[in-house]
Amino acid sequence: MAEVDGRKPDPAGVGSADAVMFCGPCGDVKASSFCKDCHEYLCSSCTRCHERLEAIKHHQLLKGAQFPSSYPTRQKMASDSESFEKCNDHPLEDVKIFCKTHAALCCVACTAAMHEHCKKDYIPDIAKNYVTGAEYSKLQTDIQDLDQLGVQCQADIDRCIKEVDKLNWNEVDKLKKYKKDIIEYLNKRETELIAEMQQLHDHDLSLLKDIQARLKTWQSDLSDAKAKLQSHQQSTYKLFITAKMTQALVNQLQESLNDMQQQTKYQRYKLVKDPSMEKILTDKTGMATLKAADVKIGNWTIFLSGPDI
C-alpha cells in the first residue's frame with residue numbers, strides 16, 4: 001500500500017486490521033476519520049475543523065465502520081493527474097484553500113490558524129472556472145499592455161539617444177563655425193564650452209543607457225511571467241497558483257515601468273551667441289554660453305489595478 005501523505009507507515013502490515021493511521025496535518029496524532037475529497041487521514045481536532053470550515057465542510061468524511069485501514073495516495077487519486085503545491089508555512093500540507101478575504105493561498109492548517117472566519121474557496125472546485133473568468137482575463141490584458149508599453153519605452157529611449165547625439169553634434173558644429181571669426185580669443189573658451197556640452201551629453205547618455213539596461217531586465221522578468229502562465233495552460237490548478245503569484249510581479253513591473261518612463265528624459269540646451277562679441281573680443285565671458293531648454297520626456301503611461309477580490 002502506498003503511504004498516504006502525513007501518515008506513518010502501517011506497522012502491522014499492508015491493510016492490516018491492527019494498522020494505526022495517523023493524522024496527515026498533525027503527523028503524530030492518531031486519525032479518527034478520512035476525507036475522501038482531500039484523500040487525507042484526520043485526527044479528531046482536524047475533523048472538527050474540517051466540518052466547520054465553509055470551503056470544505058461539504059467534504060465526505062469516513063468514520064467508524066467506514067474508516068479505511070488503507071487508501072491510495074492523494075497523488076494517485078487526483079482526478080486531473082496533477083499534484084498539489086505544498087504550503088510554505090506547513091511543508092507537509094497541500095495548498096487547497098483560497099482565502100478571499102486576504103487574497104491568500106492556504107493549506108488546511110493555515111485556514112484553521114489564521115483564516116477560520118474568512119470567506120474561502122476550495123481551489124480544486126474553482127480553478128477550472130478561473131481561466132474563463134474576468135480576473136484572469138484582466139491579468140492577461142495587463143501583461144499584454146505592459147508588453148506593448150515596454151516596446152514603446154524602448155522606442156522612446158532610442159529616440160532620445162539619437163536626439164541627444166544630434167543635439168550635441170549640431171551645437172558643437174555651431175560653436176566651431178562661430179569660432180572662425182574670433183579664433184585667437186576663443187581657443188580657451190572653446191575648450192570650456194565643448195567640455196561643458198560634452199559633460200551634459202555624457203550625463204544624459206549615461207542615464208538613458210542605464211534605463212535601457214534596466215528595461216532589458218524588466219522585459220526579461222515580464223517574459224518569464226508570460227512563460228510561466230503559458231506553461232500551465234493545461235492545468236487549471238497550476239495556472240491559478242501561478243497567476244496569483246504573478247499578480248504581485250505585474251504590479252511591481254507596472255511601478256518599475258512608470259519609474260523608467262518618468263526618468264526617460266534629457267536636458268536640452270542651445271548655444272546662444274553673445275551679442276557683444278561683434279564689438280568686444282576681449283570679454284572674458286564672451287563667445288557663447290549654454291542655455292537650458294525644455295526637458296523632453298515620453299508621453300505615455302499605464303494604469304493597472306489588482307484583481308477585485
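Residue numbers run from 1 in the order of the sequence given. What you see is a predicted model; the values in this text were computed from it and never measured.
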Say whether [X] and [Y], considering side chains only, have a donor N or O and an acceptor N or O under 3.5 Å apart.
X	Y	value
Ser32	Ser44	no
Asp156	Gln152	no
Glu163	Tyr266	yes
Gln263	Asp259	yes

Hydrophobic clusters here meaning ILVMFWY residues chained together by side-chain heavy-atom distances under 4.5 Å, can you tell me if [X] and [Y] are in one?
X	Y	result
Leu61	Ile97	no
Leu207	Val164	no
Leu208	Trp218	yes
Leu253	Val151	no
Leu222	Tyr136	yes

Subject >> NZ or CZ of Lys96 within 45° of Phe84 ring axis and under 6.0 Å >> reply: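 Relative to the ring axis of Phe84, which defines the angle, Lys96 lies inside both limits.
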Could you tell me whether a side-chain N or O of [X] sits under 3.5 Å from a main-chain N or O of [Y], the two making a donor and an acceptor?
X	Y	answer
Asp94	Lys86	no
Thr141	Ser137	yes
Ser256	Gln252	no
Lys120	His115	yes

Original post:
Given the rule in the side chain to side chain contact (heavy atoms under 4.5 Å, CB included) test, do Lys63 and Thr47 qualify, once you have shown the distances and angles that lead to the verdict?
Top reply: CA-CA 10 Å; Lys63 305 177 184 179; Thr47 298; 3.7 Å; yes
Original post:
Is the Tyr237 to His232 ring centre distance short of 6.0 Å?
Top reply: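 Ring-ring flag for Tyr237/His232: false, centres at least 6.0 Å apart.
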Subject >> Centroid separation Phe67 to Tyr41 less than 6.0 Å >> reply: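 When the ring centroids of Phe67 and Tyr41 are compared, they turn out to be within the sub-6.0 Å range.
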Original post:
Using the ring of each side chain (for Trp, its six-membered ring), is Phe240 parallel, tilted or perpendicular to Tyr130, with breaks at 30° and 60°?
Top reply: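 Answer is perpendicular, since the angle exceeds 60°.
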